[in-house]
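Below is one structure, written out as structure tokens; comments come after it.
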Amino acid sequence: GAGVSQSPSNKVTEKGKDVELRCDPISGHTALYWYRQSLGQGLEFLIYFQGNSAPDKSGLPSDRFSAERTGGSVSTLTIQRTQQEDSAVYLCASSRRGGTEIYYEQYFGPGTRLTVT
Amino acid sequence: AQTVTQSQPEMSVQEAETVTLSCTYDTSESDYYLFWYKQPPSRQMILVIRQEAYKQQNATENRFSVNFQKAAKSFSLKISDSQLGDAAMYFCAYRSAFAGANSKLTFGKGITLSVRP
């Protein structure tokens with residue numbers, strides 16, 4: 001079946017502009033995660049969705065970052081007033097369910113490479 | 001908070017030889033999962049192997065095996081009979097199995113493995 005897809009694959013934007021990154025999880029997966037991969041910080045957790053709600057937003061680095069998920073499916077990560085330090089690869093992952101009682105594998109998308117000039 | 005440390009940024013191995021990638025972690029939890037992920041240049045994160053902390057037996061997947069030392073909080077990956085396709089970035093990751101926690105992954109900074117023909 002289809003895996004996790006992300007769009008765009010690459011995005012170049014000017015400092016100060018807003019950007020939206022999209023994630024399409026695997027059909028039927030209720031849990032969705034955003035991670036950021038940057039040269040200086042490695043791979044960091046940003047936010048976790050279970051259905052349409054986000055019980056853990058602890059990884060969002062500033063209030064310029066927000067994310068939503070509608071219909072329990074597609075998620076959009078929005079970065080407002082982008083800064084050069086936002087340049088990174090943004091990875092999305094989904095799993096059948098969240099929580100920790102039962103193990104479900106996280107499947108990753110190919111990521112969006114964001115470059116802020 | 002949990003931390004994952006990969007102290008070797010790069011390693012190289014001759015094709016058909018064996019290589020071991022190191023990882024240490026810190027946690028106060030007793031139940032958790034540990035993972036090794038592979039990230040080729042395509043950026044797609046691929047799960048290589050998983051270890052449940054409550055299992056004493058080391059996990060094995062074909063040419064990949066781990067040495068899990070719970071008391072030492074060490075989790076190394078051994079790749080046997082290295083192949084050119086094994087060249088990639090490898091990430092060690094931690095996930096809580098504590099009931100009520102969310103299932104986000106905490107990653108090390110990764111190690112770039114090159115394979116010499």
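The chains referred to below are lettered A, B, ... by the order of the sequence lines, with proteins before strands, and numbering in each begins at 1.
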Considering only heavy atoms, which portion of [X] lies under 4.5 Å from any heavy atom of chain B: side chain, backbone, both, or neither?
X: A:Q37; result: side chain
X: A:P55; result: neither
X: A:S9; result: both

*Below 4.5 Å, heavy atoms only, C-beta onward: do B:K104 and A:S58 meet side chain to side chain?*
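Contact flag for B:K104/A:S58 side chains = yes.
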*Are B:Q39 and A:L43 close enough that some pair of their side-chain heavy atoms sits under 4.5 Å apart?*
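Not touching, per the 4.5 Å side-chain cut-off.
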Same cluster (ILVMFWY, side-chain, under 4.5 Å), [X] and [Y]:
X: A:L32; Y: A:Y104; value: no
X: B:I111; Y: B:L113; value: yes
X: B:M89; Y: B:L77; value: no
X: B:Y33; Y: B:Y94; value: no

*Between the side chains of B:S103 and A:Y48, does any donor sit under 3.5 Å from an acceptor?*
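Checked: B:S103/A:Y48 side chains show no N/O donor-acceptor pair below 3.5 Å.
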Can you tell me if [X] has over 12 outside heavy atoms packed within less than 6.0 Å of its [atom1]?
X: B:R63; atom1: CZ; result: yes
X: B:K70; atom1: NZ; result: yes
X: A:R96; atom1: CZ; result: no
X: B:L84; atom1: CG; result: yes

*Can you see which heavy atom on B:R43 is nearest to which on A:G111, and at what distance?*
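Where B:R43 meets A:G111 most closely, the heavy atoms are NH2-O, 2.8 Å.
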*For the residue pair B:L105 and A:F45, what are the closest heavy atoms and their distance?*
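In this case the closest contact between B:L105 and A:F45 is O-CB, 4.2 Å.
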*Non-hydrogen atoms of chain A under 4.5 Å away: do they reach the side chain of B:E52, the backbone, both or neither?*
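Contact with chain A: none, neither part.
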*Stepwise ring-ring contact (aromatic ring centres under 6.0 Å, His included) test for A:Y35 and B:F107*: CA-CA 10 Å; A:Y35 297 89; B:F107 289 91; 5.6 Å; yes
*Approximate separation, where rounding is to 0.5 Å, of A:L91 CG and B:Q44 CD*: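 Interatomic distance, A:L91 CG to B:Q44 CD, rounded to 0.5 Å: 9.0 Å.
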*Out of A:Q50, A:R113, A:R97, A:E44, which one racks up the most heavy-atom pairs below 4.5 Å with chain B?*
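Top count of heavy-atom pairs under 4.5 Å with chain B: A:R113.
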